[in-house]
Amino acid sequence: MKQGKIIGLTSLIALSGIILVACGTKTSEQKNIKFSIPTDVASLDTTILTDQYSYDVAGNVEEGLTRVDSKGNAALALAKSIDVSKDGLTYTVTLRDNLKWSNGDRLTAKDFVYSWKRAVDPKTGSEYAYLMGAVSGANDIISGKSSLDSLGIKAESDTEFTVTLAQPTPYFKFLLSEPVYYPLDQKVVDKYGKQYGTSSDKTVYNGPFMFKSDKGWTGTNKTFSIYANPNYYDKSAVKSKQIDFQVISNANTGAQLYKQGKLDFTLLSTTDLINANKKTKGYTVFKQARTDYIEYNQSGKNASSPDAQKALANQNIREALNLATNRAGVVKTALPGSTVATSFTPVGMSKTSTGEDFATYAKQDYRYDPTKAKDLWEKGLKELGLTKLTLSLEAAGDLAPSEATANFLQTAYQQNLPGLTVNLKLVPFKQRLNDAQNGNFDMVLSGWGGDYAEPSTFLQLFTTGQSYNDGKFSSKTYDDAFKAATTTPDVLEPAKVDEHYKAAETALYQGSYINPVDFQANPALMNPKITGLEFHSTGLAYDLKSAYVK
């Protein structure tokens, strides 16, 4: 590993995360933080959860070997030490003494071995298994080519295990903070089987907080609470005894409850609400490393019609749709605070070896050009023997920004592309996730938030066969560029890594394989009396470990 690369990542994440602090340290006068999320929690099973809102909850009741701190460092958490070999391939992990699960079970090295093997087991179906690809043997296991025993993790004792990597991975300690790397209590997982994580009473916890039987999450309820975990190794750093969550899909309701003092945190997801609350005490904008984008079904399967199926396999049709996307109009109408996307990797997340923002370095010519869009559209239709076409556009109808974006695009596409009819399919967020994963769409409005501050957290999504490549396209140029950036010898040369990642961005653009729309920001109202809440633009967005409000 090159020390310079690690330092760059650490410094970068420190810039991308902020800690919100108010005066006072006394906690005797605290009231519970009342925190809202805009859609239901999908799962507490850290091996299979995929969405940010589930992570916002699970990341506060569970923990891994590392935890990103207020300075953006991958600080030691469950690990007492992590020693790395000179070649960057072997990690020796020593756990803290006397770690326990919330049910009193001892947390040992075997819990990591079990969890990691469960994550890469094809039978588990973890969409985040690809993040385990840094570990030796993981990719072959995921693809069904090798047995679970070939995974590069071995328990040496109850408190020590070794990890062997497939390639040097300078950001591996940041990966260790991700949910898919968290340990699991096998006894509890075996007890509940497929029901594990579907409700709070079918899960155990090792993080700063835990669920109790009182006000637990049933899998469908809209209000639930988490409580300080008495078995947590760093319990003295946990400042709130209880945090109350409420699912509020109507942003207007959230804003009203905030003003009535019934909420301490709520997102502002509509243009009208944002404009109406810019002068409200506690208004703030959280800049996430997140890109909203449109995926095209290029699998040749499950499209809404045979015409739609063959149309989205046509590059002229896809390029026409990209050129007909008025990104500035979307931001102005539906996503105030966000910015127009110029690449898939968002601005403000990572820097090149020369210190330039990677998104600026890798900028592509995504632009709004309705005249050229019309020409390519008509050319594509002619190639397909069509004069008109109907396509569906799916989005999360229970997320106001997604619905507003989809409505804007429907109108813009039909105005700019003659003969096109766009049928909106507005569904609950959970269904949107499932439909994307199963390829049941023509076009789907997706979003991706970075897990760590390095371009691979975005660019690995679209390698051939990757579980998040929902459109199922395959580009050798893209695959070759990504492989060169992440394998020896070039992975150890930061300047070459930058070049290869930029080549991958160029391949996405030239093939019109996806359609980046915006780099997302989240305007919100947050009680100014909250102190110690840490926001990170990648990974766990809202870390409540040290947060409290008087």
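In this chain, numbering begins with 1 at the start of the sequence shown. These values consider heavy atoms only, across backbone and side chains, with no hydrogens, waters or symmetry-generated copies. Worth saying up front: this structure is predicted, and the values here are computed from it rather than measured.
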pair Tyr182-Glu62: side-chain heavy atoms closer than 4.5 Å = yes

task = Heavy atoms only: give me the nearest Trp217-Val41 pair and the separation to one decimal.
result = CZ2-O, 3.3 Å

ask   = What ring-ring contact (aromatic ring centres under 6.0 Å, His included) pairs are there with at least one residue in residues 187-206, not counting sequence neighbours?
value = Tyr205-Phe211

Counterpart residues, side-chain hydrogen bond (donor to acceptor under 3.5 Å, both in side chains), relative to Ser36 (two or more places apart) = Thr266

ask   = Just how far is it from atom CZ of Arg67 to atom CG of Asn73, taken to the nearest 0.5 Å?
value = 14.5 Å

request  = State whether the side chain of Glu534 and the backbone N or O of Ser70 hold a donor-acceptor pair below 3.5 Å, judged by distance alone.
outcome  = yes

ask   = Any side-chain donor-acceptor pair under 3.5 Å between Tyr232 and Glu63?
value = yes

task = Heavy atoms only: give me the nearest Ala58-Leu49 pair and the separation to one decimal.
result = CB-CD2, 3.6 Å

request  = Rounded to the nearest 0.5 Å, what's the gap from OG1 on Thr39 to CG on Asp398? Could you check?
outcome  = 4.0 Å

message = Restricting to ring-ring contact (aromatic ring centres under 6.0 Å, His included), what partner residues turn up for Phe172, sequence neighbours left out?
response = Tyr91, Tyr181

ask   = Any ring-ring contact (aromatic ring centres under 6.0 Å, His included) pairs touching residues 49-74, not counting sequence neighbours?
value = Tyr53-Phe429

task = Show the numbers, then the answer: is there a side-chain contact (heavy atoms from CB on, under 4.5 Å) between Ile48 and Glu127?
result = CA-CA 6 Å; Ile48 66 171; Glu127 290 186 64; over 6 Å; no

query = So, does Thr47 use its side chain to make a donor-acceptor pair with the main chain of Ala119 at under 3.5 Å?
reply = no

inquiry  = Would you compute the distance between atom CG of Asp87 and atom CG of Leu89 and round it to the nearest 0.5 angstrom?
reply    = 4.0 Å

request  = Mark yes or no: Lys212 above the aromatic ring of Tyr227, with NZ or CZ under 6.0 Å from the six-membered ring centre and no more than 45 degrees from the axis.
outcome  = yes

task = Give the C-alpha distance, both sets of side-chain angles, the deciding distance and a yes or no for side-chain contact (heavy atoms from CB on, under 4.5 Å) between Lys545 and Asp234.
result = CA-CA 10 Å; Lys545 175 178 175 177; Asp234 195 22; 2.8 Å; yes

For residues 245-256, please give each side-chain donor-acceptor pair under 3.5 Å, one per line with the distance, not counting sequence neighbours.
unit_1: Asn250; atom_1: OD1; unit_2: Asn252; atom_2: N; d: 2.9
unit_1: Asn250; atom_1: OD1; unit_2: Thr253; atom_2: N; d: 3.2

ask   = Can you find a side-chain donor-acceptor pair between Asp272 and Thr270 that sits under 3.5 Å?
value = no

message = Testing the basics here: between Ser338 and Ala521, what is the closest heavy-atom pair and its distance to 0.1 Å?
response = OG-N, 3.1 Å

request  = Please check if the side chain of Ser115 supplies one atom and the backbone of Asp111 the other of a donor-acceptor pair under 3.5 Å.
outcome  = no

ask   = Heavy-atom distance under 4.5 Å between the side chains of Leu78 and Leu107, does that happen here?
value = yes

key: For Lys100, all residues meeting salt bridge (charged side-chain N to carboxylate O under 4.0 Å, His left out), sequence neighbours excluded   = none

message = Strictly distance-based, threshold 3.5 Å: is any side-chain N or O of Trp448 a donor or acceptor partner for the main-chain N or O of Thr457?
response = yes

ask   = Between the side chains of Tyr130 and Ser126, does any donor sit under 3.5 Å from an acceptor?
value = no

task = Let me see the working for Gln520 and Thr291 under side-chain contact (heavy atoms from CB on, under 4.5 Å), right down to the final yes or no.
result = CA-CA 6 Å; Gln520 191 181 103; Thr291 303; over 6 Å; no

key: Within-4.5 Å side-chain heavy-atom neighbours: Thr92 and Val84   = no

ask   = Hey, does the side chain of Gln466 reach the backbone of Tyr468 with a donor-acceptor pair shorter than 3.5 angstrom?
value = yes

query = Do side-chain atoms of Thr405 reach the backbone of Ala334 as a donor and acceptor pair under 3.5 angstrom?
reply = no

query = Under 3.5 Å, is there a donor-acceptor pair between the side chain of Asn469 and the main chain of Leu461?
reply = no

query = Nearest 0.5 Å, what's the CZ-CD1 distance between Phe265 and Ile243?
reply = 12.0 Å

inquiry  = Show the nearest heavy-atom pair for residues Arg432 and Glu394, with the distance to one decimal.
reply    = CA-OE2, 3.5 Å

request  = Mark yes or no for whether Thr66, through its side chain, and Ala74, through its backbone, hold a donor-acceptor pair below 3.5 Å.
outcome  = no

task = Output all residues satisfying side-chain hydrogen bond (donor to acceptor under 3.5 Å, both in side chains) with Thr280, sequence neighbours left out; order by chain, then residue number.
result = Asn277

Test item: Met210 and Pro230 side chains (from C-beta on) under 4.5 Å apart, heavy atoms = yes

ask   = Do you see a donor-acceptor pair shorter than 3.5 Å between the side chains of Tyr501 and Glu454?
value = yes

key: Arg96 side-chain N/O to Ala77 backbone N/O, donor-acceptor pair under 3.5 Å   = yes

task = Please identify each residue that fulfils salt bridge (charged side-chain N to carboxylate O under 4.0 Å, His left out) with Asp190, with sequence neighbours left out.
result = none

message = Tell me which pairs pass salt bridge (charged side-chain N to carboxylate O under 4.0 Å, His left out) where either residue lies in residues 258-268, with sequence neighbours left out.
response = Lys31-Asp264

query = Can you name the side chain to side chain contact (heavy atoms under 4.5 Å, CB included) partners of Arg106, sequence neighbours left out?
reply = Thr108, Asp158, Thr159

task = Establish, from distance only, whether the side-chain atoms of Asn221 and Thr218 form a donor-acceptor pair under 3.5 Å.
result = yes

request  = Output every pair passing salt bridge (charged side-chain N to carboxylate O under 4.0 Å, His left out) with a member in residues 32-52, not counting sequence neighbours, ordered by first then second residue.
outcome  = Lys34-Asp244, Asp40-Lys222, Asp45-Arg118

ask   = Asp185: what forms a side chain to side chain contact (heavy atoms under 4.5 Å, CB included) with it, not counting sequence neighbours?
value = Trp101, Asn103, Asp105, Lys187, Val188, Val204

Rounded distance [0.5 Å steps], CD1 in Ile274 versus CG in Leu525 = 10.0 Å

request  = State the OH-CG distance between Tyr258 and Leu267, to the nearest 0.5 angstrom.
outcome  = 12.5 Å

query = Just checking, is any N or O donor in the side chain of Thr162 or Glu156 under 3.5 Å from an acceptor N or O on the other one?
reply = yes

message = Could you tell me if the side chain of Thr538 sits less than 4.5 Å from the side chain of Asp451, heavy atoms only?
response = no

message = Using modelled atom types and a 3.5 Å cut-off, is there a donor and acceptor pairing between side-chain atoms of Ser85 and backbone atoms of Thr90?
response = yes

ask   = If every non-hydrogen atom of Ser343 is compared with every non-hydrogen atom of Ala359, which pair is closest and at what distance?
value = OG-CB, 3.8 Å

query = What's the verdict on side-chain contact (heavy atoms from CB on, under 4.5 Å) for Thr203 and Thr198, showing C-alpha distance, side-chain angles and the deciding distance?
reply = CA-CA 8 Å; Thr203 319; Thr198 58; over 6 Å; no

inquiry  = Quick check on Asn98: does its CG atom have over 12 non-hydrogen neighbours (other residues, nucleotides or ligands) under 6.0 Å away?
reply    = no

task = Work out which heavy atom in Glu403 is nearest to a heavy atom in Gly397; give both atom names and the distance.
result = OE1-O, 3.3 Å

message = Are Asn229 and Phe209 packed together at the side-chain level, in the sense that at least one heavy-atom pair is separated by less than 4.5 angstrom?
response = no

